[in-house]
Chemist: 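The following block contains the structure, expressed as C-alpha coordinates.
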Amino acid sequence: MTSKILLYYKFQPVADPEAVRLWQRDLCEGLDLRGRIIVSPHGINGTVGGDIDACKAYARKTREYFRGIEYKWSEGGKEDFPKLSVKAREEIVSFGAPEELRVDEHGVVGGGTHLSPEEVNTLIDARPDAVFFDGRNTREAQIGRFKNAVVPDVDTTHDFIAELDSGKYDWMKDKPVISYCTGGIRCEVLSSLMINRGFREVYQIDGGIVRYGEKYGNDGLWEGSLYVFDKRMHTEFGAPDDPNFVQLGHCVHCGEATNQFYNCANEPECRAQYLSCPACRDEKPLCGECAKEGQAER
Ligand SMILES: [Zn+2]
Ligand SMILES: [Zn+2]
(Lines give C-alpha, C1' and ligand atoms only; values in the text may rest on other atoms or scores of the structure.)
(Ligands and ions follow the chains in the order given, each with its own letter.)
Protein backbone atom coordinates (compact mmCIF):
# COMPACT_ATOMS: atom_id res chain seq x y z
CA MET A 1 0.00 0.00 0.00
CA THR A 2 1.50 3.32 -1.07
CA SER A 3 0.92 6.41 1.01
CA LYS A 4 1.38 10.13 0.40
CA ILE A 5 1.19 13.55 2.02
CA LEU A 6 -0.90 16.38 0.59
CA LEU A 7 -0.12 20.05 1.23
CA TYR A 8 -2.49 22.80 0.20
CA TYR A 9 -4.10 26.13 0.92
CA LYS A 10 -6.83 28.18 -0.65
CA PHE A 11 -7.96 31.70 0.10
CA GLN A 12 -11.69 32.12 -0.48
CA PRO A 13 -14.58 33.37 1.65
CA VAL A 14 -15.93 30.68 3.99
CA ALA A 15 -19.33 31.67 5.35
CA ASP A 16 -19.45 29.02 8.06
CA PRO A 17 -15.96 27.84 9.12
CA GLU A 18 -17.36 25.62 11.88
CA ALA A 19 -19.55 23.69 9.40
CA VAL A 20 -16.56 23.27 7.06
CA ARG A 21 -14.45 22.11 10.01
CA LEU A 22 -16.96 19.36 10.88
CA TRP A 23 -17.22 18.29 7.24
CA GLN A 24 -13.42 18.15 6.90
CA ARG A 25 -13.06 16.18 10.13
CA ASP A 26 -15.65 13.60 9.06
CA LEU A 27 -14.10 13.39 5.60
CA CYS A 28 -10.62 12.71 7.03
CA GLU A 29 -11.88 10.23 9.64
CA GLY A 30 -13.81 8.32 6.99
CA LEU A 31 -10.69 8.10 4.82
CA ASP A 32 -8.38 7.29 7.75
CA LEU A 33 -6.18 10.36 7.16
CA ARG A 34 -4.11 12.18 9.74
CA GLY A 35 -2.69 15.69 9.71
CA ARG A 36 -3.42 19.31 10.52
CA ILE A 37 -6.14 21.46 8.94
CA ILE A 38 -7.13 25.04 9.75
CA VAL A 39 -10.32 26.61 8.43
CA SER A 40 -11.08 30.33 8.78
CA PRO A 41 -13.45 32.85 7.22
CA HIS A 42 -10.62 33.41 4.67
CA GLY A 43 -10.10 29.83 3.50
CA ILE A 44 -8.30 26.60 4.36
CA ASN A 45 -4.71 25.53 5.04
CA GLY A 46 -3.76 21.93 5.59
CA THR A 47 -1.45 19.00 5.33
CA VAL A 48 -2.77 15.44 5.52
CA GLY A 49 -1.24 12.02 5.00
CA GLY A 50 -2.52 8.54 4.35
CA ASP A 51 -3.17 5.88 1.74
CA ILE A 52 -2.75 7.26 -1.78
CA ASP A 53 -6.31 6.41 -2.86
CA ALA A 54 -7.67 8.03 0.29
CA CYS A 55 -5.59 11.15 -0.46
CA LYS A 56 -7.00 11.23 -3.99
CA ALA A 57 -10.56 10.92 -2.69
CA TYR A 58 -9.88 13.68 -0.14
CA ALA A 59 -8.43 15.96 -2.83
CA ARG A 60 -11.43 15.45 -5.09
CA LYS A 61 -14.03 16.02 -2.37
CA THR A 62 -12.29 19.08 -0.95
CA ARG A 63 -12.06 20.63 -4.42
CA GLU A 64 -15.87 20.47 -4.70
CA TYR A 65 -16.03 23.28 -2.14
CA PHE A 66 -12.59 24.88 -2.49
CA ARG A 67 -12.69 25.27 -6.28
CA GLY A 68 -9.35 25.51 -8.03
CA ILE A 69 -7.39 24.46 -4.93
CA GLU A 70 -3.92 23.19 -5.85
CA TYR A 71 -2.30 20.27 -4.08
CA LYS A 72 1.34 19.58 -3.57
CA TRP A 73 1.99 15.83 -3.30
CA SER A 74 4.90 14.76 -1.18
CA GLU A 75 6.49 11.56 0.12
CA GLY A 76 5.28 10.29 3.49
CA GLY A 77 2.04 9.14 5.03
CA LYS A 78 -0.23 8.93 8.02
CA GLU A 79 2.60 7.93 10.35
CA ASP A 80 4.23 11.36 9.86
CA PHE A 81 1.46 12.90 12.00
CA PRO A 82 0.66 12.12 15.64
CA LYS A 83 -3.10 12.56 15.05
CA LEU A 84 -5.80 14.34 13.10
CA SER A 85 -6.36 17.96 14.10
CA VAL A 86 -9.03 20.04 12.36
CA LYS A 87 -9.56 23.54 13.77
CA ALA A 88 -11.63 26.61 12.99
CA ARG A 89 -9.69 29.81 13.70
CA GLU A 90 -9.85 33.50 12.88
CA GLU A 91 -6.93 33.24 10.47
CA ILE A 92 -5.35 30.43 8.46
CA VAL A 93 -1.97 32.12 9.00
CA SER A 94 -1.58 33.97 12.31
CA PHE A 95 -0.59 37.53 11.48
CA GLY A 96 -3.00 38.88 14.10
CA ALA A 97 -4.87 40.85 11.44
CA PRO A 98 -8.11 38.95 10.74
CA GLU A 99 -10.05 42.21 10.22
CA GLU A 100 -7.55 43.59 7.74
CA LEU A 101 -7.33 40.65 5.32
CA ARG A 102 -9.86 40.68 2.50
CA VAL A 103 -10.58 37.70 0.26
CA ASP A 104 -12.99 37.07 -2.58
CA GLU A 105 -13.56 34.12 -4.91
CA HIS A 106 -10.25 34.90 -6.68
CA GLY A 107 -8.21 34.83 -3.47
CA VAL A 108 -6.61 37.59 -1.41
CA VAL A 109 -7.72 41.06 -2.49
CA GLY A 110 -4.91 43.59 -2.92
CA GLY A 111 -1.98 41.18 -2.52
CA GLY A 112 1.41 41.32 -4.22
CA THR A 113 1.84 40.48 -7.90
CA HIS A 114 2.61 36.78 -8.42
CA LEU A 115 5.90 35.91 -10.10
CA SER A 116 7.01 32.56 -11.48
CA PRO A 117 10.60 31.54 -10.62
CA GLU A 118 11.70 32.66 -14.10
CA GLU A 119 10.01 36.04 -13.65
CA VAL A 120 11.87 36.53 -10.36
CA ASN A 121 15.19 36.29 -12.20
CA THR A 122 13.99 38.54 -15.01
CA LEU A 123 12.88 41.20 -12.52
CA ILE A 124 16.19 41.12 -10.63
CA ASP A 125 18.10 41.49 -13.91
CA ALA A 126 15.95 44.38 -15.09
CA ARG A 127 15.67 46.24 -11.79
CA PRO A 128 18.94 46.35 -9.83
CA ASP A 129 17.23 48.18 -6.96
CA ALA A 130 14.77 45.29 -6.33
CA VAL A 131 14.92 43.84 -2.80
CA PHE A 132 14.09 40.39 -1.48
CA PHE A 133 12.08 40.52 1.76
CA ASP A 134 12.02 37.38 3.91
CA GLY A 135 8.46 36.58 4.99
CA ARG A 136 9.53 33.93 7.49
CA ASN A 137 10.82 33.97 11.05
CA THR A 138 14.38 35.12 11.58
CA ARG A 139 15.45 31.62 12.64
CA GLU A 140 14.40 30.13 9.31
CA ALA A 141 16.54 32.65 7.40
CA GLN A 142 19.67 31.76 9.38
CA ILE A 143 20.32 28.69 7.23
CA GLY A 144 19.04 29.90 3.86
CA ARG A 145 17.70 32.98 2.09
CA PHE A 146 17.67 34.80 -1.22
CA LYS A 147 20.81 36.75 -2.16
CA ASN A 148 21.06 40.05 -0.24
CA ALA A 149 17.61 39.51 1.28
CA VAL A 150 16.30 41.81 3.98
CA VAL A 151 15.51 39.60 6.99
CA PRO A 152 13.07 41.16 9.44
CA ASP A 153 13.46 40.66 13.16
CA VAL A 154 10.49 38.39 13.92
CA ASP A 155 10.15 35.37 16.20
CA THR A 156 6.69 34.49 14.91
CA THR A 157 4.43 35.61 12.08
CA HIS A 158 2.51 37.60 14.69
CA ASP A 159 5.46 40.04 14.96
CA PHE A 160 5.30 41.23 11.33
CA ILE A 161 2.78 44.03 11.76
CA ALA A 162 4.76 45.77 14.51
CA GLU A 163 7.93 45.24 12.48
CA LEU A 164 6.41 46.80 9.34
CA ASP A 165 4.95 49.69 11.38
CA SER A 166 8.31 50.39 13.05
CA GLY A 167 9.53 52.45 10.10
CA LYS A 168 12.67 50.28 9.68
CA TYR A 169 11.67 49.28 6.17
CA ASP A 170 10.29 52.59 4.89
CA TRP A 171 13.35 52.94 2.62
CA MET A 172 11.94 50.02 0.61
CA LYS A 173 8.56 51.60 -0.01
CA ASP A 174 9.47 52.98 -3.47
CA LYS A 175 11.51 49.95 -4.56
CA PRO A 176 10.36 46.69 -6.10
CA VAL A 177 10.05 44.28 -3.15
CA ILE A 178 9.91 40.51 -3.69
CA SER A 179 8.42 38.89 -0.61
CA TYR A 180 9.03 35.19 -0.19
CA CYS A 181 8.31 32.33 2.21
CA THR A 182 8.43 28.52 2.21
CA GLY A 183 5.42 27.58 0.07
CA GLY A 184 3.86 30.97 -0.61
CA ILE A 185 0.96 31.09 1.85
CA ARG A 186 2.50 33.55 4.32
CA CYS A 187 3.31 36.02 1.52
CA GLU A 188 -0.27 35.95 0.24
CA VAL A 189 -1.14 37.76 3.47
CA LEU A 190 2.15 39.58 4.13
CA SER A 191 2.25 41.19 0.67
CA SER A 192 -1.24 42.61 1.17
CA LEU A 193 -0.26 43.97 4.61
CA MET A 194 2.78 45.64 3.02
CA ILE A 195 0.71 47.21 0.23
CA ASN A 196 -1.77 48.51 2.82
CA ARG A 197 1.18 50.19 4.56
CA GLY A 198 2.39 52.10 1.53
CA PHE A 199 4.84 49.70 -0.13
CA ARG A 200 4.15 50.58 -3.76
CA GLU A 201 5.52 47.64 -5.73
CA VAL A 202 5.23 44.31 -3.95
CA TYR A 203 5.68 40.87 -5.49
CA GLN A 204 5.36 37.31 -4.22
CA ILE A 205 6.76 34.07 -5.61
CA ASP A 206 4.28 31.50 -6.89
CA GLY A 207 4.85 28.35 -4.83
CA GLY A 208 7.43 30.15 -2.69
CA ILE A 209 11.00 29.01 -2.09
CA VAL A 210 10.00 25.37 -2.70
CA ARG A 211 8.99 26.03 -6.30
CA TYR A 212 11.96 28.34 -6.96
CA GLY A 213 14.39 25.79 -5.51
CA GLU A 214 12.89 22.96 -7.55
CA LYS A 215 13.47 25.04 -10.67
CA TYR A 216 16.94 26.47 -10.05
CA GLY A 217 18.50 24.37 -7.28
CA ASN A 218 21.69 26.12 -6.11
CA ASP A 219 22.30 27.79 -9.47
CA GLY A 220 19.88 30.71 -9.07
CA LEU A 221 19.39 33.46 -6.51
CA TRP A 222 18.61 31.15 -3.58
CA GLU A 223 21.43 30.38 -1.13
CA GLY A 224 21.68 27.67 1.50
CA SER A 225 19.17 25.28 3.09
CA LEU A 226 15.42 25.51 3.43
CA TYR A 227 14.03 25.32 6.97
CA VAL A 228 11.15 22.80 7.13
CA PHE A 229 8.60 22.15 9.86
CA ASP A 230 9.14 18.45 10.36
CA LYS A 231 11.68 16.15 12.01
CA ARG A 232 14.33 16.91 9.37
CA MET A 233 14.30 20.64 10.20
CA HIS A 234 16.07 21.46 6.93
CA THR A 235 16.26 20.34 3.33
CA GLU A 236 18.50 21.23 0.41
CA PHE A 237 18.03 21.73 -3.31
CA GLY A 238 20.27 19.97 -5.81
CA ALA A 239 22.59 17.01 -5.29
CA PRO A 240 23.89 16.28 -1.76
CA ASP A 241 27.49 17.18 -2.76
CA ASP A 242 26.57 20.12 -5.02
CA PRO A 243 29.65 22.39 -5.08
CA ASN A 244 27.39 25.44 -5.50
CA PHE A 245 25.64 24.81 -2.18
CA VAL A 246 26.60 27.32 0.51
CA GLN A 247 26.31 26.69 4.23
CA LEU A 248 24.95 29.89 5.81
CA GLY A 249 24.29 28.79 9.38
CA HIS A 250 26.82 28.76 12.23
CA CYS A 251 27.04 26.80 15.47
CA VAL A 252 26.05 29.14 18.32
CA HIS A 253 28.86 27.73 20.49
CA CYS A 254 31.92 27.45 18.25
CA GLY A 255 30.93 29.21 15.03
CA GLU A 256 31.45 26.22 12.78
CA ALA A 257 29.26 26.13 9.65
CA THR A 258 26.09 24.07 10.18
CA ASN A 259 22.47 23.94 9.04
CA GLN A 260 21.25 21.66 11.84
CA PHE A 261 18.78 23.03 14.37
CA TYR A 262 18.26 21.32 17.73
CA ASN A 263 15.75 21.81 20.50
CA CYS A 264 17.37 23.22 23.63
CA ALA A 265 17.64 20.43 26.25
CA ASN A 266 16.46 22.83 28.96
CA GLU A 267 12.83 21.97 28.14
CA PRO A 268 10.18 22.88 28.99
CA GLU A 269 11.60 26.13 30.50
CA CYS A 270 13.33 26.97 27.22
CA ARG A 271 11.67 26.26 23.90
CA ALA A 272 14.47 27.62 21.74
CA GLN A 273 15.65 25.95 18.57
CA TYR A 274 19.29 26.71 17.95
CA LEU A 275 22.03 25.89 15.46
CA SER A 276 24.81 23.60 16.60
CA CYS A 277 27.60 21.49 15.18
CA PRO A 278 27.40 17.79 16.23
CA ALA A 279 30.45 18.03 18.52
CA CYS A 280 29.05 20.93 20.58
CA ARG A 281 25.65 19.24 20.68
CA ASP A 282 27.27 16.18 22.27
CA GLU A 283 29.14 18.27 24.80
CA LYS A 284 26.33 20.67 25.86
CA PRO A 285 22.87 20.23 24.32
CA LEU A 286 21.81 23.79 25.25
CA CYS A 287 20.98 26.95 23.33
CA GLY A 288 23.37 29.92 23.59
CA GLU A 289 21.34 31.64 26.33
CA CYS A 290 20.93 28.56 28.53
CA ALA A 291 24.61 27.62 28.13
CA LYS A 292 25.59 31.11 29.37
CA GLU A 293 23.27 30.85 32.37
CA GLY A 294 24.71 27.45 33.24
CA GLN A 295 28.23 28.89 33.33
CA ALA A 296 27.14 31.81 35.51
CA GLU A 297 25.76 29.39 38.12
CA ARG A 298 28.97 27.47 38.36
ZN1 LIG B 1 30.11 23.89 17.57
ZN1 LIG C 1 17.68 27.23 25.97
Side-chain angles (χ1 to χ4, degrees), residues 36 38 47 80-83 85 87 89 91 93-96 132-164 166 168 180-183 185-186 190 209-210 213 217-218 221-298:
R36 299 181 61 234
I38 298 171
T47 166
D80 289 288
F81 303 94
K83 58 179 180 147
S85 158
K87 291 188 171 135
R89 294 228 180 107
E91 299 179 291
V93 209
S94 303
F95 278 88
F132 282 110
F133 188 75
D134 204 305
R136 303 170 300 159
N137 309 328
T138 310
R139 186 180 70 248
E140 294 170 64
Q142 285 173 353
I143 59 169
R145 53 193 175 260
F146 276 97
K147 271 200 181 93
N148 304 318
V150 171
V151 178
D153 184 15
V154 295
D155 286 335
T156 75
T157 303
H158 232 104
D159 300 334
F160 266 105
I161 290 195
E163 189 72 359
L164 289 175
S166 72
K168 275 192 228 172
Y180 67 89
C181 59
T182 313
I185 183 171
R186 286 180 274 182
L190 177 63
I209 302 161
V210 169
N218 299 309
L221 299 164
W222 175 259
E223 295 180 327
S225 302
L226 173 62
Y227 182 95
V228 291
F229 295 85
D230 60 42
K231 284 171 279 189
R232 299 169 298 163
M233 290 190 169
H234 65 90
T235 181
E236 284 71 42
F237 302 112
D241 52 354
D242 189 340
N244 288 336
F245 171 74
V246 278
Q247 188 82 271
L248 296 186
H250 296 281
C251 173
V252 298
H253 299 301
C254 74
E256 191 177 295
T258 180
N259 54 8
Q260 188 60 55
F261 279 99
Y262 295 93
N263 291 314
C264 177
N266 185 22
E267 304 179 290
E269 288 79 9
C270 178
R271 309 193 61 149
Q273 278 186 355
Y274 70 101
L275 285 167
S276 179
C277 72
C280 291
R281 174 69 184 185
D282 281 346
E283 205 175 304
K284 49 181 168 196
L286 297 170
C287 75
E289 292 299 306
C290 292
K292 253 183 248 160
E293 278 171 33
Q295 264 162 11
E297 277 164 27
R298 242 172 267 141

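Indexing begins at 1, ligand by ligand and atom by atom, following the structure's order. Just so you know, residue 1 is the first one in the sequence shown, and it goes up from there.
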Chemist: For Glu163 and Asp153, indicate whether the former's side chain and the latter's backbone hold a donor-acceptor pair under 3.5 Å.
Modeler: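 Checked: pair present.
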Chemist: Verify whether the ring centers belonging to Tyr180 and Phe133 lie closer than 6.0 Å.
Modeler: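 No, the ring of Tyr180 stays outside the 6.0 Å limit from the ring of Phe133, centre to centre.
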Chemist: Could you grab the protein N, O or S atoms closer than 2.8 Å to the Zn ion (ligand 1) for me?
Modeler: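 Protein N, O or S atoms closer than 2.8 Å to the Zn ion (ligand 1): Cys251 SG, Cys254 SG, Cys277 SG, Cys280 SG.
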Chemist: Within the 4.5 Å heavy-atom criterion, are Phe237 and Ser225 side-chain neighbours or not?
Modeler: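 The answer is no, as the side chains (C-beta and beyond) never meet within the 4.5 Å cut-off.
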Chemist: Any side-chain heavy atom of Tyr274 sitting closer than 4.5 Å to one from Arg139?
Modeler: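 Not in contact.
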Chemist: Angle at the Zn ion (ligand 2) between SG of Cys290 and SG of Cys287, to 10°?
Modeler: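 Computed angle, vertex at the Zn ion (ligand 2), rounded to 10 degrees: 100°.
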Chemist: For the pair Arg281 (side chain) and Cys277 (backbone), establish whether a donor and an acceptor sit closer than 3.5 Å, ignoring hydrogens and angles.
Modeler: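 No; zero donor-acceptor contacts below 3.5 Å.
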Chemist: Distance-only, no hydrogens or angles: does the Thr258 side chain make a donor-acceptor pair with backbone N or O of Gly249 under 3.5 Å?
Modeler: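 Here the side-chain-to-backbone pair does not exist.
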